[in-house]
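Contents: one structure, followed by commentary.
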Amino acid sequence: MPLYELLRELTQVPEPFAVGGPHELWTDPHVQRQMLACHLDPDVAAASREHAFIDRSLDWIVAPLGVGPDTRILDLGCGPGLYANPLAAHGSRVHGIDLSGVSVEEARRRATCDRASFEVGDYLTAPLPEHDVALLIYCDYCALPPGDRRRLLERVRARMVDGGRLLVDLHSEQRFATLTEACTIADRLMDGFWAPGEYVGVHQAILYPEERVALDRYLIAEPERTRTVHAWLAHLTVDEAREEFQGAGFRVVEVLGDVAGAAFDPAAPVYALLATPT
Ligand SMILES: C[S@@+](CC[C@H](N)C(=O)[O-])C[C@H]1O[C@@H](n2cnc3c(N)ncnc32)[C@H](O)[C@@H]1O
């Protein structure tokens with residue numbers, strides 16, 4: 001890419017969610033392997049939360065979601081199965097779907113019983129199985145544009161049994177208030193996360209205060225190719241999220257602090273919703 005075009009791209013601010021999509025972030029072969037290493041590092045809260053949190057979350061999930069031996073759980077964006085496999089080992093039948101082939105392969109490798117199944121797919125387009133419980137964990141809901149949030153909820157609603165449960169965590173408006181804009185340029189930005197060989201990376205943190213949307217834009221310039229990755233995050237108030245859920249056929253039955261059952265904290269960066277079909 002000529003230098004003029006490259007610099008010009010860095011000065012352009014797209015409309016919220018107007019460009020990019022999850023494929024940019026989750027399906028590059030090298031980045032998938034880096035993401036998997038983050039998922040599997042017990043102490044890093046990046047692609048998955050720290051494993052001590054996941055253990056607490058798994059202990060908590062069972063009761064409020066009514067998880068028993070015959071429960072059919074749909075894990076949306078399951079990653080390497082850090083939730084799905086323990087839940088299947090606990091006796092449920094779990095189906096995980098994820099865009100990342102590398103993560104799905106790892107989830108299958110870690111499966112300890114045949115009650116867990118995994119597929120590489122896009123939860124916005126792939127046929128979803130009938131289920132009693134759906135999980136969308138680690139704020140992936142907020143990575144979606146409003147139209148896709150609605151579409152995903154409606155798709156899940158259409159395949160969830162009456163009385164089923166949906167557990168989702170979200171970024172709050174309080175989190176947005178802590179963010180600042182920034183621009184960093186570095187040789188092998190993030191220590192080789194974005195490409196196996198030589199590259200220069202530019203990271204721009206761009207904020208849209210009116211919409212409460214944050215964009216992390218990465219421009220990765222390798223000797224032979226240049227690409228841009230957009231990671232969008234919406235920040236919703238509980239009332240905004242509740243309205244979105246209601247519009248898609250869900251009633252919020254509980255507002256929580258996180259997916260490990262903490263009490264809701266209005267000052268916290270994250271909260272979780274437990275919802276049921278209306
Ligand atoms: C932040 S990670 C969370 C993984 C897992 N839920 C956990 O907490 O360990 C988000 C996951 O969702 C997947 N993902 C993102 N968009 C997706 C989509 N449209 N369809 C299926 N998977 C998607 C990514 O590949 C990634 O594994």
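Count residues from 1 along the sequence. When reading the values below, keep in mind they use all heavy atoms of this one structure, side chains included, and skip hydrogens, waters and symmetry mates. We count ligands from 1, going down the list as the structure has it; atoms in each ligand are counted the same way.
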Lys/Arg-Asp/Glu bridge criterion (N-O < 4.0 Å) met for R56, D59: no
Does G121 have a non-hydrogen atom less than 4.0 Å from ligand 1? yes
Look at the rings of W194 and Y218 and say which category their plane angle falls in: under 30° parallel, 30 to 60° tilted, over 60° perpendicular. tilted
Is any side-chain heavy atom of S48 closer than 4.5 Å to a side-chain heavy atom of Y83? no
Could you tell me whether R108 and E105 have a side-chain N and a carboxylate O separated by less than 4.0 Å? no
For ligand 1, which is the ligand I care about here, please tell me if L82 has any N or O atom under 3.5 Å from one of the ligand's N or O atoms. no
Among all protein heavy atoms, pick the one closest to atom 1 (C) of ligand 1 and tell me residue, atom and distance. A47 O, 3.1 Å
Purely on distance, is any nitrogen or oxygen of D122 under 3.5 Å from one on ligand 1? yes
When distances are taken from atom 8 (O) of ligand 1, the protein heavy atom at minimum range is I137 O, 3.5 Å
Any link between V156 and V67 through a network of hydrophobic side chains (Ile, Leu, Val, Met, Phe, Trp, Tyr) touching at under 4.5 Å? no
Per-atom filter on ligand 1: closer than 4.0 angstrom to a heavy atom of Y83 are 8 (O)
Which atom of F193 lies closest to which atom of Q34, heavy atoms considered: O-CG, 3.2 Å
Would Y123 count as being in polar contact with ligand 1, using the rule that some N or O on each side must be under 3.5 angstrom apart? yes
Element-labelled atoms of ligand 1 that are located less than 4.0 Å from some non-hydrogen atom of G79: 27 (O)
Considering only the protein, which heavy-atom contact is closest to atom 14 (N) of ligand 1, and what is its distance? D140 OD2, 3.7 Å
When you measure from atom 7 (C) of ligand 1 to every protein heavy atom, which one gives the shortest distance, and what is it? S48 OG, 3.5 Å
Heavy atom of H39 under 4.0 Å from ligand 1? yes
Could you tell me which atoms of ligand 1, counted from 1 in the order shown, lie closer than 4.0 angstrom to a heavy atom of P22? 16 (N)
protein heavy-atom neighbour closest to atom 27 (O) of ligand 1 works out as D98 OD2, 2.6 Å
If we ignore hydrogens and angles and just use 3.5 Å, is the side chain of Q32 paired with the main-chain N or O of G101 as donor and acceptor? yes
Given 3.5 Å as the limit, does a donor-acceptor pair link the side chain of R155 with the main chain of T125, or not? yes
Shortest non-hydrogen contact from W232 to A18? CZ2-N, 4.0 Å
Is it the case that ligand 1 has an N or O less than 3.5 angstrom from some N or O of L124? no
Quick one: closest heavy-atom pair of D132 and M160, and the distance? O-CG, 4.2 Å
Is there a heavy atom of S103 sitting under 4.0 angstrom from any atom of ligand 1? no
Is R225 paired with D28 through a side-chain N to carboxylate O contact shorter than 4.0 Å? yes
Using heavy atoms and a threshold below 4.0 Å, how should the contact between W26 and ligand 1 be classified: side chain, backbone, both, or neither? side chain
Please write down residue, atom name and distance for the protein heavy atom closest to atom 22 (N) of ligand 1. L99 N, 3.2 Å
Among all the protein's non-hydrogen atoms, which is closest to atom 6 (N) of ligand 1, and how far away is it? G77 O, 2.8 Å
